[in-house]
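A short write-up of the structure that comes next.
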Protein chains: 4
Amino acid sequence: MTEATRKPDASRRSQRSREAILTAAMELMAEVGYAKLTIEAIAARAGAGKQTIYRWWPTKSAVVLDAFRLNAETQEDEVDFPDTGDLDADLRIVMRAIADECNNPRYDGPARVMIAEAQHDPEFGAEAREAFLLPAITATKERLRSGQRAGQLRADADLDVVVELLFGPIHHRWLHSTAPITHAYADQIVDYVLAAVRP
Amino acid sequence: MTEATRKPDASRRSQRSREAILTAAMELMAEVGYAKLTIEAIAARAGAGKQTIYRWWPTKSAVVLDAFRLNAETQEDEVDFPDTGDLDADLRIVMRAIADECNNPRYDGPARVMIAEAQHDPEFGAEAREAFLLPAITATKERLRSGQRAGQLRADADLDVVVELLFGPIHHRWLHSTAPITHAYADQIVDYVLAAVRP
Amino acid sequence: MTEATRKPDASRRSQRSREAILTAAMELMAEVGYAKLTIEAIAARAGAGKQTIYRWWPTKSAVVLDAFRLNAETQEDEVDFPDTGDLDADLRIVMRAIADECNNPRYDGPARVMIAEAQHDPEFGAEAREAFLLPAITATKERLRSGQRAGQLRADADLDVVVELLFGPIHHRWLHSTAPITHAYADQIVDYVLAAVRP
Amino acid sequence: MTEATRKPDASRRSQRSREAILTAAMELMAEVGYAKLTIEAIAARAGAGKQTIYRWWPTKSAVVLDAFRLNAETQEDEVDFPDTGDLDADLRIVMRAIADECNNPRYDGPARVMIAEAQHDPEFGAEAREAFLLPAITATKERLRSGQRAGQLRADADLDVVVELLFGPIHHRWLHSTAPITHAYADQIVDYVLAAVRP
DNA sequence: TTCTAACCGAGACGGTACGTCCTGTCTTAGC
DNA sequence: GCTAAGACAGGACGTACCGTCTCGGTTAGAA
């Protein structure tokens, strides 16, 4: 066997077709949803050959994940986690931002697709987690640790669990659509969680 | 009305084929996973005609949901939520039971399928929520209300939020596979939550 | 094996449904053609159960053949072959009658169906031949024999061949739709054939 | 125009699969007959995808017709109609050749299929007539015309009718299987017909 | 007159094939 | 050597009918 898995020369890759494909994928995602999204339709809409897609992405979900990444990069919302010294206020800001994302179709749609895809493709799940979830978790834990050092949290509080106490409820409500997600709700969670871990 | 959608006569439905189909669906789910599950394979394994499936279920996910339901009914785990008067102990029992389910492939697999499917089929999601999630939420809320009346919870605690504070974190950890789910973890959550809502 | 092929009791047969089925078959033949004709559609149109058809007829072609028979019986055109003594005139009458039938959709359609069906079902072909073709051939041969005895045909003429010289050409033109079939054409054939066999 | 019917690029057609499909069709025709012949079985036997068949042929009968054509081309029997000057002898040769074909399963089968198919699909009938029947008719007419010029036929003989007087009887006997088709019979027809049209 | 066996309409059933759609690979021409 | 285009083998889709079966309801002799 002579080099069965030929790997293409990335330096000669057409940037034009890459963007056309990812844009087409995003558009079709919005129009027909992930389940009815086909490689063929993406290629047709992008004016690209199917082979060009298969050459650069292994699966449909990889294309979609890349499309989401492109979409997210476009946004200029890489807000750093605030640290004003007032933990309560900082958490409120962040939890309200998450609530806003839950209500923004621009995030809601892609996020649901990624959750769904991750359930039957663990590798994809790991990648997506790495790219989208862990940064937020890490930043939150950082801020909590800073608050802990400042004596605003019990010294023995398990920060991994505290992060989950913050993200878990809002995530649960969003994922199962059990109730609307408001700023008031975001504040409520912060209240309960801080009540639990205050020294 | 042109009477387009002829509806079959449910009274003449073959119980034998219904069970064969749902059993085949469960088995194939376990063997190849939801994504590679085909109606054709279910019919073949069940010794049924495809039409018999299409006659009684609108989509693949409906078959699978029904299969899960049959599977769940078979189990004799319809444990009533305990109410010993000791809220702390009762919650621990329940949260540990949930932790056990997260680690039991018999529940883990189907549950992930349902979560995934629900994300791109809201109607399916609503049905699944109704059948599997709400009963647990309602029972938990009931127990919390009872505890609240007994003065073990703050009178102004929002029980919907408290339920989410309990279920959200464990659910989050399970869904994103961020860490193992142990009895100790279950206990931890109960501790934090009760600390937050104790009078 | 105990009487595997249960034969139904013909005396209890419902005349009403028999006629409804054959009528429906005739109508559907005219509407959609033999190839697209289905037992299911016949049953639905006739307001009969499928089993009632399968009980009394072995195949679709048997139903259709019966329908044609019913149709033919309805007609009162069982014209006896004329024998005026003038063979030329008598043959013209008969050949013109055949030409008329070729141009009459009432005969053309069914006849084509029977020809077609007979090609891939020899038994059906034998039955159809017996019922529809042989009577005409026999009557014609009879008339030719009478003419032969009267000295209007060569004594050594092979009547089977003469019949085919009469029927073959018109049949050929009809079957292959190579040219219109007129009375003039019918006369022409009689002219040529009589020229060939005149003493 | 919405460009509904995308037409494939014939220049890129796979010759290999075309032949495999037509060969498979021929074989299956011989094995199970036209009625039980399925596109699916042809594709399976040919190792081709069903779409490849549907891409290049509109119907089952079109595939079969093409298969016959390929079969006929393979044969090296494109005998030119003889013209020795002796019309009687030449016609005998041709009529005997036709008789032989009637008795040769290689021709009998396909021809019956085409006759049958032509009866409920006039377009197919037209194509088949063009490809298989008209060449023979034309050649025969040509030879007759040559004989007519040589004074062996009456000057006023209608050659279209004379051709039908030759082909019709043998065709009739073959189609309805009313009697065996022998060389003697072929000769007999030539005798009668020439008797009718001799000057 | 009641019983009972068969027919009847209806339609669910296990199947087969349909014609369409999409997958992932391969081939061709163009730049 | 990447690209657009699209033919190819393969396989699942959801539909239409096949011929068999089972279900009540009706009908017509036999008891």
Side-chain angles (χ1 to χ4, degrees), chain A residues 6 8-14 16-17 20 36-41 43-44 46-56 58-60, chain B residues 6-14 16-18 20 36-44 46-56 58-60, chain C residues 6-14 16-18 20 36-44 46-56 58-60, chain D residues 6 8-14 16-18 20 36-44 46-56 58-60:
Chain A
R6 302 294 330 271
D9 179 350
S11 72
R12 304 195 50 183
R13 182 170 188 179
S14 155
R16 194 217 126 262
S17 70
K36 292 190 181 171
L37 182 66
T38 66
I39 299 279
E40 212 137 67
K50 285 200 295 175
Q51 197 58 246
T52 304
I53 299 182
Y54 285 112
R55 188 160 18 237
W56 301 110
T59 60
K60 183 174 77 168
Chain B
R6 307 281 337 194
K7 47 178 67 171
D9 179 348
S11 73
R12 301 188 48 189
R13 183 168 187 180
S14 156
R16 193 218 127 262
S17 70
R18 176 174 182 272
K36 292 190 181 169
L37 181 65
T38 65
I39 298 277
E40 216 139 60
I42 295 173
K50 285 202 290 177
Q51 196 65 229
T52 302
I53 298 182
Y54 286 112
R55 188 160 19 235
W56 301 110
T59 60
K60 183 174 77 166
Chain C
R6 302 294 332 273
K7 46 177 70 169
D9 179 349
S11 73
R12 304 194 48 184
R13 182 170 189 178
S14 155
R16 194 217 125 263
S17 70
R18 175 175 183 271
K36 292 190 180 171
L37 183 63
T38 67
I39 298 280
E40 216 138 65
I42 296 173
K50 285 201 293 176
Q51 196 61 244
T52 304
I53 298 181
Y54 285 112
R55 185 156 25 232
W56 301 109
T59 61
K60 182 173 80 167
Chain D
R6 308 270 322 123
D9 178 348
S11 74
R12 301 189 48 188
R13 183 169 188 179
S14 156
R16 193 219 126 263
S17 71
R18 176 174 181 271
K36 292 190 181 171
L37 182 64
T38 66
I39 299 278
E40 215 137 63
I42 295 173
K50 284 201 293 177
Q51 195 78 98
T52 303
I53 298 182
Y54 286 112
R55 186 158 25 234
W56 301 110
T59 60
K60 183 173 79 167

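Each chain gets a letter, A, B and so on, in the order its sequence line appears, and its residues count up from 1.
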Quick tally for nucleotides 23-31 of chain E: nucleotides whose base has a protein heavy atom under 4.0 Å get B, sugar-phosphate-only ones S, the rest -, giving BBBBB----
Give DNA chain E the dot-bracket treatment, 5' to 3': Watson-Crick (N1-N3 with N6-O4 or O6-N4) or G-U (N1-O2, O6-N3) under 3.5 Å, [ ] crossing, | other strand.
|||||||||||||||||||||||||||||||
Between F:dG1 (C1') and A:W56 (CH2): distance, integer Å:
10 Å
Base, sugar-phosphate alone, or nothing: which one does D:R55 contact when heavy atoms must sit under 4.0 Å apart?
base
What does B:S11 touch in the nucleic acid at a heavy-atom separation under 4.0 angstrom: a base, only the sugar-phosphate, or nothing?
nothing
C:A10 or B:A43, whichever maps to the more 5' nucleotide of DNA chain E
C:A10
Between C:I42 (CD1) and E:dA10 (P), how many Å, whole number?
15 Å
What contact category does D:R18 fall into here, base, sugar-phosphate, or nothing, at under 4.0 angstrom with non-hydrogen atoms?
nothing
DNA chain F nearest-nucleotide lookup for D:T52 and C:K36: closer to the 5′ end is D:T52
If you round to the nearest 0.5 Å, how far is CD1 of B:I39 from CD of B:Q51?
11.5 Å
Between atom CZ of A:R13 and atom CH2 of A:W56, what is the distance when rounded to the nearest 0.5 Å?
5.5 Å
C:R16 CZ to F:dT27 C1', in whole Å, measures 14 Å
From CG of C:D9 over to P of E:dT4, roughly how many Å is that when rounded to an integer?
19 Å
